[in-house]
Amino acid sequence: FWNPPSDTSPWGYLVWRAERPEGPYQLVSVKPPNVASYTDYSVEPYKEYWYKVSVIDSFYNQGPLSPSVHLTTYLKSEPGWPQWVHGKGG
């Protein structure tokens, strides 16, 4: 999630992702001005990612990048997956 700028009316947002804090950052999504969040379905489990956001105007001029946000992914749990496995010792 991010907070839309209060001093301008952006045309949209660019969402950038990197695997290191210093980059390089790759464009992963373009969002309309009424959407201030992004869900990344292309991440891999047990990896670290850094994200930045920038605004764009109607001429596609890009504003400055936001500070980065860091996250670590984990193995996703699907409904029906066992929470523990019972085994029989030998």
Side-chain angles (χ1 to χ4, degrees):
F1 296 97
W2 56 86
N3 294 320
S6 58
D7 57 342
T8 63
S9 296
W11 183 79
Y13 301 98
L14 302 177
V15 181
W16 304 85
R17 182 181 73 197
E19 294 182 6
R20 296 185 310 244
E22 66 276 5
Y25 283 82
Q26 302 293 321
L27 180 64
V28 291
S29 185
V30 178
K31 294 295 187 183
N34 62 335
V35 176
S37 66
Y38 172 67
T39 302
D40 194 343
Y41 293 102
S42 65
V43 295
E44 297 178 32
Y46 303 108
K47 285 189 80 171
E48 293 183 288
Y49 295 96
W50 285 261
Y51 292 86
K52 293 185 178 191
V53 175
S54 60
V55 298
I56 51 175
D57 65 16
S58 60
F59 296 104
Y60 221 77
N61 295 312
Q62 181 182 337
L65 288 170
S66 69
S68 64
V69 174
H70 172 248
L71 70 87
T72 302
T73 60
Y74 298 97
L75 187 61
K76 78 177 185 178
S77 178
E78 295 289 340
W81 283 20
Q83 298 300 311
W84 58 88
V85 177
H86 296 282
K88 196 173 193 182

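FYI, side chains are in, hydrogens and waters are out, and symmetry mates aren't considered; it's all heavy atoms of this structure.
Counting heavy atoms from C-beta on, the side chains of Glu44 and Tyr49 come closer than 4.5 Å.
Looking at every heavy atom in both residues, Pro24 comes nearest to Ala18 through O-CB, 3.3 Å. Taking every heavy atom of both residues into account, Ser54 and Pro64 meet most closely at CB-O, 3.6 Å. Phe59 approaches Asp57 most closely through the heavy-atom pair N-OD1, 2.9 Å. Pro33 approaches Pro10 most closely through the heavy-atom pair CB-O, 3.2 Å.
Within the 3.5 Å criterion, the main-chain N or O of Val53 finds a donor-acceptor partner in the side chain of Ser66. A donor-acceptor pair is defined here as one N or O able to donate and one able to accept, closer than 3.5 Å; no such pair exists between the side chain of Ser68 and the backbone of Pro21.
Judged by distance alone, the side chains of Arg17 and Ser42 do bring a donor and an acceptor atom under 3.5 Å apart.
Between the CD atom in Glu48 and the CD atom in Glu19 there is a gap of 10.5 Å [rounded to 0.5 Å]. To the nearest 0.5 Å, atom OH of residue Tyr46 and atom OG1 of residue Thr73 are 9.0 Å apart.
Tyr13 and Val69 are members of different hydrophobic clusters when ILVMFWY side chains are connected at heavy-atom separations under 4.5 Å.
The hydrophobic cluster containing Leu27, built from Ile/Leu/Val/Met/Phe/Trp/Tyr side-chain heavy atoms closer than 4.5 Å, also comprises Trp11, Leu14, Trp16, Tyr25, Val30, Trp50, Ile56, Tyr60, Leu65.
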